[in-house]
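Comments concern the structure below.
This structure is a prediction, so every number in the text was calculated from the model and none was measured. Below, chains carry the letters A, B, ... as their sequence lines are ordered, and counting in each starts from 1.
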There are 2 protein chains.
Amino acid sequence: MPKVEIITIGDEILIGQIVDTNSAWMASELNKAGFEIAQVTSVHDVANHITASLTDALERADIVLLTGGLGPTKDDITKQTLCEYFDTKLVFSDEVLKNIENLFRNREWSLNKLNRSQAYVPENCTVIQNFAGTAPITWFEKDGKVVVSMPGVPNEMKHVMSREIIPRLQKRFDTPTIIHKTVIVHGYPESQLALKIADWENALPKNIHLAYLPDYGIVRLRLSGASEDGLALEFAINQQVESLTQILGNAITAYEDLPLEVQIGNILKEKGKTLATAESCTGGNIAHKITTVPGSSAYFKGSVVSYANEIKVNVLGVSPEDIENYGAVSEAVVKQMAEGVRKLMKTDFAVATSGIAGPDGGTPEKPVGTVWIAVSSADDTVARQFRYGSARIANIERTTQTAFLMLKEIILCEY
Amino acid sequence: MPKVEIITIGDEILIGQIVDTNSAWMASELNKAGFEIAQVTSVHDVANHITASLTDALERADIVLLTGGLGPTKDDITKQTLCEYFDTKLVFSDEVLKNIENLFRNREWSLNKLNRSQAYVPENCTVIQNFAGTAPITWFEKDGKVVVSMPGVPNEMKHVMSREIIPRLQKRFDTPTIIHKTVIVHGYPESQLALKIADWENALPKNIHLAYLPDYGIVRLRLSGASEDGLALEFAINQQVESLTQILGNAITAYEDLPLEVQIGNILKEKGKTLATAESCTGGNIAHKITTVPGSSAYFKGSVVSYANEIKVNVLGVSPEDIENYGAVSEAVVKQMAEGVRKLMKTDFAVATSGIAGPDGGTPEKPVGTVWIAVSSADDTVARQFRYGSARIANIERTTQTAFLMLKEIILCEY
């Protein structure tokens, strides 16, 4: 399997100003296409640091992909550095200038000399046009290995990786079939799960690799393999998943690694049912996750984020006496929230959350992390209490994921 | 300035299953504490790959921080690998076992042999207890350099970095004062901004470094410096920011790198004003962002996510004739959404969004990416139209950030 290394260039990653989301996306796409990612390295915008890491990477890998450092400003030096590394010089490209001019035609600003400078490209390389931005992509070959430099701006990188770089790499190198199969297991901590499936794991064929990926309330088990014979590999992996199902039964909640909001969307669409949410402690995160899915307007009608108690009463119809007697974080209130929004938005299902996300607002009786979640349908409204930790963002995420799990279970049971 | 390298260990990053958010957090915290991050490297759970990258890192840096590969399952091999690297053996630690037992006291599962195996630690190292999880932290010293291995689970890593590792590193190494000052500039594309401030940038003192960080609708300009004399450095950086202000004036929208939802929260709290949101295309993302801020319940009352038109009419009081005549993505409708939610939730301010996030739903007249945003206050309701691209998630994020910018401008103007 051809080996790829990714080098991200830019101070912003190394001072922690941005999170490197590019590498994960690139790794996932390259892996699907039959390439192994041997290493990801983040370095500063410093010439000798860039060249040293490039030299090291070329010793280990067949392909090195560089992202970043191609902006028009002084701090970006990747292009000049590669010119020196490959012992070539910059030449002006009319074709690249034309692309930059086209991009500016739709913008309110006009081309300046810095933008024009981006039309200079190394002489001894293949230039790939960047139709989503002004920095061109350069493809170098040396001793049978390939080095590609591309922008770090995520949408520009994704555009050119999908349409140009991966297809060209697949032509240039022989790639096997890669299969990953992920099984989502609910209700086991990682170490208990490992004991439960130890015999099965120890008997796995050598060419199938198992990884445990624990997340909020679930463990992803990922089976991976690479083979010239894709069909045989797929058969072998499916067989292992079948054996695993016999051991774990209902604890397996999904056989594909789709986000719960996508799984729930697919079920609702299939059943022709609709959904609304009433959110207190999750503050709109459930609605946000649902609406990141294209086409969600087919089954999602809306949400009431009732952060203030008066909104619970006036908009959702929660009893003010119940808030007084039991508190906003209680079974009575969360059930009325779910029922209230289901009636208000005339949907088949509704999910509601009320909890203390923290860091303040806890009491001895209801410490920070106490959460109630309710799901309402035409048949019934059920509510459950959970106790999470003291970290606000983690509490919001956990509550969101658990609400999705409860919702999925109930949508699958009913009808 | 002592140099640190971070090595993240785990297949999951290199096959793109998870995004490495740890490194950015660690880099940011270490940088504040006076350490320079020289490189971040992600490697597989493979012994010779781990030791090779550790050897390389120790050649460049004073400190190497390893995260990950410490779970109780078979795929995790960091501890064994470090034992071989530092030529030592595993010994059983009663103290670590006690910590693990304490952690399990609050859980429904009981301790098993895999958990107990985590109490084995390398003999020749300092063991630091992990009070947030079962994998202990190990601190090695070699030739005046420090190697620390810690879990990759984000909350465990953050807990032990803040409380133990950074304080110990600060005692062990001499660190200078580091100052970063970020200025947020609105309304200039990166290349135009670079030309506008070129003279100022060229005249910057050598010990102050400038970086451009473009984001949705803004450019962050970051001035950084390191010095033994913290006061002199601060004075020099502040002087540069003053000169920059004379050049850019109102285009500077903030002098600190706080997320807009935090800035808006601070202003609302200070003025004692309240906020609600009515969201269509942003689907709850504005409310979600606002409520990630601790204490947001003091000024945020809630949101109506009106994904379906009937919710716009029935809950927010939008005129069905206006939806019929102008469409849901229109000035008339977005203004009524903002006014409607402001009245419904009795707040001082409200922001509303309506747009076509994509990938479907566009028309020649209103292509995907067409967005209306309105801000309503006691004085007035203003609305503006924006045209973004074709990527759904990017459109949701851009609309959210632009809504915050409009909201901030209006909150600052009024009263």
Side-chain angles (χ1 to χ4, degrees), chain A residues 11-21 24-25 27-28 31 37 39-43 71-75 109 112 114-115 155 189-192 194-195 210-213 283-285 287-288 291-292 294 297 300-308 311 315 344-345 359 391-394 396, chain B residues 11-21 24-25 27-28 31 37 39-43 71-73 75 109 112 114-115 155 189-192 194-195 201 210-213 283-285 287-288 291-292 294 297 300-308 311 315 344-345 359 391-394 396:
Chain A
D11 296 350
E12 59 272 25
I13 289 175
L14 294 172
I15 71 157
Q17 189 136 9
I18 67 160
V19 169
D20 171 26
T21 55
W25 186 90
S28 162
N31 217 240
I37 313 303
Q39 183 168 314
V40 177
T41 310
S42 295
V43 301
T73 52
K74 270 178 70 180
D75 54 333
W109 292 87
N112 65 35
L114 282 181
N115 304 125
N155 72 313
E190 183 184 7
S191 67
Q192 296 290 344
L195 286 185
L210 178 73
Y212 292 76
L213 301 161
N285 194 39
H288 164 56
T291 56
T292 56
S297 58
F300 182 66
K301 286 206 184 177
S303 174
V304 173
V305 179
S306 56
Y307 230 51
I311 313 297
V315 183
L344 181 71
M345 303 208 169
R392 183 177 182 85
I393 308 274
I396 293 172
Chain B
D11 296 350
E12 58 273 27
I13 290 176
L14 294 172
I15 70 156
Q17 190 135 11
I18 68 161
V19 169
D20 170 26
T21 56
W25 186 91
S28 163
N31 217 241
I37 312 304
Q39 184 167 314
V40 176
T41 310
S42 294
V43 301
T73 51
D75 52 336
W109 292 88
N112 64 35
L114 281 182
N115 305 124
N155 72 315
E190 185 184 9
S191 66
Q192 297 290 344
L195 285 186
E201 183 178 353
L210 178 74
Y212 291 76
L213 301 162
N285 193 40
H288 163 56
T291 56
T292 56
S297 59
F300 182 67
K301 287 208 185 176
S303 175
V304 173
V305 179
S306 55
Y307 229 53
I311 313 298
V315 182
L344 181 73
M345 303 211 169
R392 183 177 182 86
I393 307 275
I396 294 172

Q: Among the options B:A394, B:S306, B:G284, pick out the one with the most heavy-atom pairs lying under 4.5 Å from chain A.
A: B:G284
Q | Top of A:I311, A:I18, A:N115 for chain B proximity - count of heavy-atom pairs under 4.5 angstrom | A | A:I311
Q: Would you mind telling me which of B:L114, B:I37, B:V43, B:V305 has the largest number of heavy-atom pairs within less than 4.5 Å of chain A?
A: B:V305
**Q.** Approximate separation, where rounding is to 0.5 Å, of B:T41 OG1 and A:Q39 CD
**A.** 5.5 Å
Q | Atom group of B:L14 that falls short of 4.5 Å from chain A, counting heavy atoms | A | both
Q.
Which one wins on heavy-atom pair count under 4.5 Å against chain B: A:A308, A:S28, A:G302, A:S42?
A. A:S42
Q) Who passes side-chain contact (heavy atoms from CB on, under 4.5 Å) against B:N155, sequence neighbours left out? A) B:V153
Q) So what's closer than 4.5 Å to chain B heavy atoms on A:A211: side chain, backbone, both or neither? A) both
Q: Tell me, for A:D20 versus chain B, whether the close heavy atoms (under 4.5 Å) come from the side chain, the backbone, both or neither.
A: backbone
Q | With A:L344 via side-chain contact (heavy atoms from CB on, under 4.5 Å) - residues at least two apart | A | A:V304, A:V315, B:V315
**Q.** chain B interface, residue from A:T292, A:N31, A:I396 that has the most non-hydrogen pairs under 4.5 Å
**A.** A:T292
(Q) Counting heavy-atom pairs under 4.5 Å with chain A, which one of B:D11, B:V19, B:I393, B:L210 comes out on top? (A) B:V19
Q.
Looking at chain B, which one of A:E12, A:R392, A:E190 has the largest number of heavy-atom pairs inside 4.5 Å, strictly under?
A. A:R392
Q: Name the region of A:L195, side chain, backbone, both or neither, that has any atom closer than 4.5 Å to a heavy atom of chain B.
A: both
(Q) Quick check on A:T21 against chain B: is it the side chain, the backbone, both or neither that has a heavy atom closer than 4.5 Å? (A) both
Q.
Looking only at heavy atoms and a cut-off of under 4.5 Å, which of A:A194, A:A27, A:A287, A:S303 has the most pairs with chain B?
A. A:S303
